[in-house]
Undergrad: 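Below is one structure. I have some questions about it.
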Amino acid sequence: MREKKYDYLIVGAGLFGSVFAHEMTKRSKKCLVIDKRTHLGGNVYCEQKEGINIHKYGAHIFHTNDKRVWDYVNQFATFNNYINSPLSLSKGTLYNLPFNMNTFYKLWGTKTPEEAKEIITEQIAKYGTKSPKNLEQQALSLVGKDIYETLIKEYTEKQWGKKATELPAFIIKRLPVRYTYNNNYFNDIYQGIPIGGYNTIIDGLLKGIDTKTSVDFFEDRADLELLADAIVYTGKIDEFFDYKYGQLEYRSLRFEHELHEIENYQGNAVINYNDAAYAFTRIIEHKHFEFGKQEKTIITKEYPEGWNRSKEAYYPINNDRNQEIFKKYKEASQKSKNVIFGGRLAEYRYYDMHQIIASSLTKVEEISGSER
């Protein structure tokens, strides 16, 4: 039998695949990374225009409490001290996120934590329920009516394309309520944007590794599988098994990028547009991620959309029906010889960037340990 050219064929050049390829290459394994897009980096890919790094597939803000992961990414890039402090526009008024004392002051004129707590507690008692049956009931039980109707309801319905009363309660497991005047969206110790954009990390991870873009695994599957002893698959798990147990559901996104001949469009990197009157959910002004001083600016409007096989899948819809289907695919994946499944689409779960990196590192360690 002819010897395979590679130890691993890695399908998908996002963070999971790139970290895996980097670590296995360090262990003297030969890897080939392919991606159906025209570029490497998956959803963290940045495109530079007018001297601005554009987050092509939506805002990506790195944040983690995991020092191991933080130290790992800092091998490849220097991070700035960007702090995510988004705003939300509702009925013509801008509110701070996450829900904090600035938000409560705008809503009710409260100036102390006790005043705000009293209003929220009263509204939870009046509008909440002990056993929420849907997202609306869950939100009312967590933060009360005013916050829900002003800053959650219409945004969430746009995001998921369904009424809040039709969405399962578990989508909102908790809502951060902060009784301080702190607009930092994340509680994580480490946070920032890589100076020069995320491509610096991907380039560092894949340096010296064979890569091919514009290659669709499923169009040439038989020949590609002959190239390597094992496959690392980061795409949609149901597609890998030819949808034999049914099609999983996702939400998709559409991005509209606009160049404006002004220095500053909105004064903040991220502003949510809560009202249903706007089809998009937020506007991103990319230069603010890196404190840019360019004469022009580029913004991106983010539109949530229903998903079909011709669109990119961004968010798994983890309701009971889809979880039952996914269980079957997961069982099939565990029986698949010489195939490793990893990442958001292959594991059908929402991952932040640091979680994907940690997951890939763990998988490498498991394989390396079993080989030893």
Undergrad: When you measure from the side chain of Asp242 to the backbone N and O of Lys244, does any donor-acceptor pair fall under 3.5 Å?
TA: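 Checked: no pair found.
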Undergrad: So, for Ser252 and Glu312, which heavy atoms are closest and what is the spacing to 0.1 Å?
TA: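 Heavy-atom minimum between the residues: OG-O, 2.6 Å.
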Undergrad: Within the supplied structure, the quantity of interest is the number of heavy atoms (other residues, nucleotides, ligands) at a distance under 6.0 Å from Lys26 NZ; does it exceed 12?
TA: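 Result for NZ/Lys26: enclosed.
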Undergrad: Closer than 4.0 angstrom, basic N to acidic O: yes or no for Arg254 and Glu305?
TA: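 The answer is yes: the pair qualifies as a salt bridge.
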Undergrad: Check the angle between the aromatic planes of Trp307 and Tyr250 and answer parallel, tilted or perpendicular using the 30° and 60° thresholds.
TA: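 It falls in the perpendicular class, over 60°.
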Undergrad: Does one side chain, of Gln247 or Asp238, offer a donor that lies under 3.5 Å from an acceptor on the other?
TA: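 The answer is no; no qualifying pair exists.
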Undergrad: Tell me which one of Phe341, Tyr245, Tyr348 satisfies ring-ring contact (aromatic ring centres under 6.0 Å, His included) with Phe240.
TA: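 In the set Phe341, Tyr245, Tyr348, the residue that makes a ring-ring contact (aromatic ring centres under 6.0 Å, His included) with Phe240 is Phe341.
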Undergrad: When rounded to the nearest 0.5 angstrom, what is the spacing between NZ in Lys207 and OG1 in Thr211?
TA: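 Atom-to-atom, Lys207:NZ and Thr211:OG1 are 14.0 Å apart.
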Undergrad: Does this structure show an ion pair linking Glu263 with Lys293, if we count only N-O contacts that are shorter than 4.0 Å?
TA: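 Result for this pair is no, no salt bridge flagged.
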Undergrad: Taking all non-hydrogen atoms of both residues into account, name the closest pair between Asp352 and Tyr350 and its distance.
TA: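 Shortest heavy-atom contact: OD1-CE2, 3.4 Å.
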Undergrad: Check each of Asn182, Asn183, Asn184 against Asn100 using the side chain to side chain donor-acceptor pair (under 3.5 Å) test, and report the only one that passes.
TA: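 Of Asn182, Asn183, Asn184, side chain to side chain donor-acceptor pair (under 3.5 Å) with Asn100 is met by Asn183 alone.
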Undergrad: Does Asp71 CG have over 12 foreign heavy atoms under 6.0 Å away?
TA: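 Check passes, neighbour count above 12.
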Undergrad: Looking at Phe79, I'd like to know if its CZ atom is crowded, meaning that more than 12 non-hydrogen atoms belonging to other residues, nucleotides or ligands lie closer than 6.0 Å.
TA: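 Counting other residues, nucleotides and ligands, CZ of Phe79 exceeds 12 neighbours.
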Undergrad: Do Ser310 and Asn308 have a side chain donor and acceptor closer than 3.5 Å?
TA: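 Checked: Ser310/Asn308 side chains pair up, N/O donor to acceptor below 3.5 Å.
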Undergrad: Taking only Lys NZ, Arg NE, NH1 and NH2, and the carboxylate oxygens of Asp or Glu, determine whether Lys163 and Glu166 approach each other closer than 4.0 Å.
TA: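 Glu166 and Lys163: not salt-bridged.
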Undergrad: Between OH of Tyr185 and OG of Ser85, what distance do you get to the nearest 0.5 Å?
TA: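 Answer rounded to 0.5 Å: 11.5 Å.
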Undergrad: Would you confirm whether Lys287, through its side chain, and Lys296, through its main-chain N or O, come within 3.5 Å as a donor-acceptor pair?
TA: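 Flag set: sc Lys287 to bb Lys296 pair under 3.5 Å.
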Undergrad: Are any side-chain N or O atoms of Thr110 and backbone N or O atoms of Thr112, one a donor and one an acceptor, separated by less than 3.5 Å?
TA: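 Checked: no pair found.
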Undergrad: Hey, can you tell me if His55 and His286 have their rings parallel, tilted or perpendicular (30° and 60° cut-offs)?
TA: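 Ring orientation of His55 relative to His286: tilted.
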Undergrad: Could you tell me which non-hydrogen atom of Ser141 sits nearest to which non-hydrogen atom of Gln137, and how far apart they are?
TA: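 Taking Ser141 first and Gln137 second, the nearest heavy atoms are OG-O, 2.7 Å.
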Undergrad: Work out which heavy atom in Val44 is nearest to a heavy atom in Met353; give both atom names and the distance.
TA: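 In terms of heavy atoms, the two residues are closest at CG1-SD, 3.8 Å.
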Undergrad: Are the charged groups of Glu154 and Lys91 less than 4.0 angstrom apart, N to O?
TA: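 Salt bridge flag = yes for Lys91 with Glu154.
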Undergrad: So Tyr303 and Phe280, would you call those rings parallel, tilted or perpendicular, with 30° and 60° as cut-offs?
TA: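 Rings of Tyr303 and Phe280: perpendicular, as their planes differ by over 60°.
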Undergrad: Taking the six-membered ring for Trp, are His22 and Phe76 parallel (under 30°), tilted (30 to 60°) or perpendicular (over 60°)?
TA: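 Geometry flag for Phe76 against His22: perpendicular rings.
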Undergrad: Check the orientation of Tyr273 and Tyr278. Use parallel for under 30°, tilted for 30 to 60°, and perpendicular for over 60°.
TA: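 Perpendicular, since the angle between the ring planes exceeds 60°.
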Undergrad: Rounded at 0.5 Å granularity, tell me how far CG in Asn319 sits from CH2 in Trp160.
TA: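 Rounded to the nearest 0.5 Å, the CG-CH2 separation comes to 9.0 Å.
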Undergrad: To the nearest 0.5 Å, what is the distance between CD1 (Ile10) and CG (Leu32)?
TA: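 It is 8.0 Å, given to the nearest 0.5 Å.
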Undergrad: Measure from the side-chain N and O atoms of Glu157 to the backbone N and O of Ala164, and report whether any donor-acceptor pair falls under 3.5 Å.
TA: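 Such a contact is found between Glu157 side chain and Ala164 backbone.
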Undergrad: Would you call the rings of Tyr314 and Tyr57 parallel, tilted or perpendicular, taking 30° and 60° as the class edges?
TA: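 If you compare the ring of Tyr314 with that of Tyr57, the planes turn out tilted.
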Undergrad: Contact between Tyr82 and Asn80 at the side-chain level, heavy atoms closer than 4.5 Å - yes or no?
TA: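 Sidechains of Asn80 and Tyr82: in contact.
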Undergrad: Write down the atom of His60, the atom of Asn43, and the distance for their closest heavy-atom approach.
TA: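 Here His60 and Asn43 meet closest at CE1-O, 2.9 Å.
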Undergrad: May I ask you to decide whether Lys301 forms a salt bridge with Glu258, counting only side-chain N to carboxylate O separations under 4.0 Å?
TA: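 Answer for the salt bridge query: yes.
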Undergrad: Short question: side chain of Arg68, backbone of Tyr72 - any donor-acceptor pair under 3.5 Å?
TA: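 Between the backbone of Tyr72 and the side chain of Arg68 there is no qualifying donor-acceptor contact (under 3.5 Å).
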Undergrad: Should we count NZ of Lys327 as having more than 12 external heavy atoms under 6.0 Å?
TA: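 For Lys327, atom NZ is not crowded (no more than 12 foreign heavy atoms under 6.0 Å).
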Undergrad: Taking the side chain as every heavy atom from C-beta outward, state whether Phe62 and Tyr198 have any atom pair closer than 4.5 Å.
TA: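 Yes - at least one pair of side-chain heavy atoms lies under 4.5 Å apart.
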Undergrad: Can you tell me how far the CG atom of Leu206 sits from the OG atom of Ser18, to the nearest 0.5 Å?
TA: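 Rounded to the nearest 0.5 Å, the CG-OG separation comes out at 4.0 Å.
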Undergrad: Would you mind reporting whether Thr93 and Leu89 have side-chain heavy atoms less than 4.5 Å apart?
TA: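 No. Closest side-chain heavy atoms not under 4.5 Å.
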Undergrad: Can a donor-acceptor pair be found, under 3.5 Å and without considering hydrogens, that links the side chain of Thr300 to the backbone of Phe255?
TA: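 Checking the backbone N and O of Phe255 against the side chain of Thr300, no donor-acceptor pair under 3.5 Å is found.
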Undergrad: Is there a donor-acceptor contact under 3.5 Å linking the side chains of Ser214 and Arg37?
TA: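 There is no such pair between these side chains.
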Undergrad: Salt-bridged, Lys158 to Asp275, with N to O below 4.0 Å?
TA: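 The answer is no: the pair does not qualify as a salt bridge.
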Undergrad: What I'd like to find out is whether the side chain of Leu15 reaches to under 4.5 Å of the side chain of Tyr351, using heavy atoms alone.
TA: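 Side chain of Leu15 against side chain of Tyr351, heavy atoms only: no contact under 4.5 Å found.
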Undergrad: Quick check: is Val232 connected to Phe241 through a chain of hydrophobic side chains (ILVMFWY, heavy atoms under 4.5 Å apart)?
TA: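 Yes, it is one cluster - the side chains of Phe241 and Val232 are joined through contacts under 4.5 Å.
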Undergrad: Honestly curious: do Leu175 and Tyr179 fall in one hydrophobic cluster under the side-chain, below-4.5 Å linking rule?
TA: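 Yes.
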Undergrad: Please step through salt bridge (charged side-chain N to carboxylate O under 4.0 Å, His left out) for the pair Lys111 and Glu115, ending with a clear verdict.
TA: CA-CA 7 Å; Lys111 298 180 183 66; Glu115 290 174 329; over 6 Å; no
Undergrad: How about Gln334: does its CD atom have over 12 heavy atoms from other parts shown lying under 6.0 Å from it?
TA: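 Yes, the 6.0 Å shell around CD holds more than 12 heavy atoms from other groups.
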Undergrad: Cluster question for you: counting only ILVMFWY and a side-chain heavy-atom cut-off of under 4.5 Å, with indirect links fine, are Ile356 and Ile367 together?
TA: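 Same cluster.
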Undergrad: In this structure, would Tyr190 and Ile83 fall into the same cluster of hydrophobic residues linked by side-chain contacts under 4.5 Å?
TA: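 Shared cluster, no.
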Undergrad: Within the 4.5 Å heavy-atom criterion, are Asp223 and Asp220 side-chain neighbours or not?
TA: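 Asp223 vs Asp220: side chains touch.
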Undergrad: Return the OG1 to CG distance between Thr213 and Asp35, rounded to the nearest 0.5 Å.
TA: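 Atom-to-atom, Thr213:OG1 and Asp35:CG are 8.0 Å apart.
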Undergrad: For Tyr6 and Asp210, which I'm curious about, is there any donor-acceptor pair between the side chains at under 3.5 Å?
TA: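 Yes, a side-chain donor-acceptor pair sits under 3.5 Å.
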Undergrad: Do NZ/NE/NH1/NH2 and the carboxylate oxygens of Glu331 and Lys335 come within less than 4.0 Å?
TA: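 Result for this pair is no, no salt bridge flagged.
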Undergrad: Under a 4.5 Å cut-off applied to non-hydrogen side-chain atoms, are Tyr233 and Leu345 in contact?
TA: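 SC-SC contact between Tyr233 and Leu345 ruled out.
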Undergrad: Looking only at heavy atoms, what is the nearest atom pair of Ile202 and Gly41, with distance?
TA: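 Smallest heavy-atom distance, with atoms named: CG1-CA, 3.7 Å.
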Undergrad: Is a side-chain donor or acceptor of Thr200 paired with a backbone partner of Gly197 at a separation under 3.5 angstrom?
TA: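 Answer holds: yes.
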Undergrad: Step by step, work out the side-chain hydrogen bond (donor to acceptor under 3.5 Å, both in side chains) result for Gln191 and Asn84.
TA: CA-CA 8 Å; Gln191 183 178 166; Asn84 190 32; 5.5 Å; no
Undergrad: Flag the pair Ile124 / Val143 as yes when at least one side-chain heavy-atom distance between them is below 4.5 Å, and no otherwise.
TA: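 No, side chains not in contact.
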Undergrad: Has the side chain of Ser90 got a donor or acceptor atom that lies under 3.5 Å from a matching backbone atom of Leu151?
TA: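 Not at all, since once roles are kept as given, no pair shorter than 3.5 Å links the two residues.
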Undergrad: Compute whether any side-chain donor of one residue and acceptor of the other, for Asp188 and His354, lie under 3.5 angstrom apart.
TA: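 No, His354 and Asp188 have no side-chain donor paired with an acceptor closer than 3.5 Å.
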Undergrad: In terms of hydrophobic clustering (I, L, V, M, F, W, Y; side-chain heavy atoms under 4.5 Å; direct or indirect links), are Val270 and Ile54 co-clustered?
TA: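 Different hydrophobic clusters.
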Undergrad: So Ile298 and His260, do their side chains get closer than 4.5 Å, heavy atoms only?
TA: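 Counting from C-beta outward, His260 and Ile298 never come under 4.5 Å.
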